[in-house]
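Input: a single structure, listed below in structure tokens.
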Amino acid sequence: MEGYRIRGLQVGDGAALAAAYRRNRAHLAPWDPSRQESFYTDEVQEREVERNVALAEEGRSYTYPFWRGDQVVGRIVLSNVVRGPLQSGTIGYWVDREHQGRGLARAGVEHVVVAATAMGLHRLEAGTMLDNAASQAVLRRCGFREYGTAERILFIRGEWRDHLLFQRVLHDDPPGNPGR
Ligand SMILES: CC(C)(COP(=O)(O)OP(=O)(O)OC[C@H]1O[C@@H](n2cnc3c(N)ncnc32)[C@H](O)[C@@H]1OP(=O)(O)O)[C@@H](O)C(=O)NCCC(=O)NCCS
């Protein structure tokens, strides 16, 4: 992780994210929903950043880009944050094709584990396509346990695809804060 930085999304990050998505279009295509051309523009990414910064302020979803200098080289999202008796969130991530194999995904997951624990969440979940061995290896390495398959849950490359489901329970304390 030397030379890399993970931090919360900030207004103004859109252009660096758009450049990363343009560089990684083919790399991410097997695992991502299909995108409109406008998705790869600085303007649309900056609008997405503003939307996601607002979601973080509302406590619903948190995006953390990975940086190498002023270049975005991946990102992890903690989304679907649910409070009450569930105290749960979902993670999703990708790493720039040129920066894979250096522990970035693992560092991103651990960063979110620490943040989610501090927020009082109890559990994180993640889903991978059945043939995404790399992502499954990341999750297992980070202490996630496979708990089932969701059939035809996600529309990717023209078909409803199955997902392997993973979770990691962070602690067994009761929900700490009545506001949560
Ligand atoms: C999956 C992905 C995020 C992995 O990122 P990464 O930064 O290369 O992963 P890391 O270097 O942190 O690897 C973490 C662990 O997973 C293992 N791993 C990573 N890629 C692997 C692969 N292709 N095959 C087997 N194991 C793999 C590593 O060996 C490492 O374990 P170790 O610490 O015991 O050596 C990256 O390949 C990617 O962005 N893929 C395309 C998008 C994607 O699939 N996103 C996830 C959708 S669910």
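Every number for a ligand or one of its atoms is a count from 1 in the order of the listing. The shown structure was predicted, so the numbers you read here are calculated from the model rather than taken from an experiment.
- For atom 35 (O) of ligand 1, no protein non-hydrogen atom is found at a distance below 4.0 Å.
- Close approach of ligand 1 to Arg102 is summarised as follows: ligand atoms under 4.0 Å from at least one heavy atom of the residue are 11 (O).
- Only the side chain of Arg141 comes within 4.0 Å of ligand 1, judged by heavy-atom distances.
- Residues Glu110 and Arg168 are paired through a salt bridge, judged by an N-O separation under 4.0 Å between the basic side chain and the carboxylate.
- Classified by interplanar angle (parallel below 30°, tilted 30° to 60°, perpendicular above 60°), the ring pair Tyr21/Phe39 is perpendicular.
- Some N or O of Val95 is nearer than 3.5 Å to an N or O of ligand 1, by distance alone.
- At least one test fails for Arg7 against the ring of Tyr64: distance under 6.0 Å to the centre or angle within 45° of the axis.
- Short contacts between ligand 1 and Gly101, defined as distances under 4.0 Å to a heavy atom of the residue, involve ligand atoms 6 (P), 8 (O), 11 (O).
- At least one protein heavy atom sits closer than 4.0 Å to atom 3 (C) of ligand 1.
- Under 4.0 Å from ligand 1, not a single heavy atom of Met129 appears.
- With a 4.0 Å heavy-atom cut-off, ligand 1 is reached by the side chain of Trp31 but not by its N, CA, C or O.
- Scored by the ring-ring contact (aromatic ring centres under 6.0 Å, His included) test, Tyr93 finds no partners at all (sequence neighbours excluded).
- With hydrogens left out, the protein atom closest to atom 19 (C) of ligand 1 is Ala134 O, 4.1 Å, a heavy atom.
- Considering backbone and side-chain atoms together, Ser135 places no N or O closer than 3.5 Å to any N or O of ligand 1.
- Of all atoms in ligand 1, numbered sequentially from 1 with element shown, those under 4.0 Å from a heavy atom of Val138 are 4 (C), 9 (O), 14 (C), 16 (O).
- Across Glu46 and Ala15, no two heavy atoms sit closer than the pair OE1-N, 4.3 Å.
- The distance from ligand 1 to the heavy atoms of Gly127 drops below 4.0 Å at these ligand atoms: 48 (S).
- Residues Asn52 and Leu9 share a closest heavy-atom pair of CB-CD2, 3.6 Å.
- The shortest N/O to N/O separation between Ala105 and ligand 1 falls below 3.5 Å.
- At under 3.5 Å, not a single nitrogen or oxygen of His99, backbone or side chain, sits near a nitrogen or oxygen of ligand 1.
- Transitive grouping of hydrophobic side chains (ILVMFWY, heavy atoms separated by less than 4.5 Å) brings Val72 and Val11 into a common cluster.
- Ligand 1 has Gly103 within reach: a non-hydrogen atom of the residue lies less than 4.0 Å from it.
- The shortest distance between side-chain heavy atoms of Ser88 and His122 does not fall below 4.5 Å.
- Proximity of His27 to ligand 1 is established by a heavy-atom distance of less than 4.0 Å.
- Applying the 4.0 Å criterion to heavy atoms of Trp94 picks out, from ligand 1, the atoms 39 (O), 42 (C).
- Residue Thr128 has no nitrogen or oxygen atom sitting less than 3.5 Å from a nitrogen or oxygen atom of ligand 1, judged on distance alone.
- Using a 4.0 angstrom heavy-atom cutoff, Cys142 does not count as in contact with ligand 1.
- Residues satisfying the side-chain hydrogen bond (donor to acceptor under 3.5 Å, both in side chains) criterion with Asp42, sequence neighbours excluded, are Arg22.
- Distance check on atom 47 (C) of ligand 1: some protein heavy atom falls below the 4.0 Å cut-off.
- Taking a cut-off of under 4.0 Å to the non-hydrogen atoms of Asn132, the atoms of ligand 1 that pass are 43 (C), 44 (O), 46 (C), 47 (C).
- Shown here, atom 29 (O) of ligand 1 is out of close reach of the protein: none of its heavy atoms lies under 4.0 Å off.
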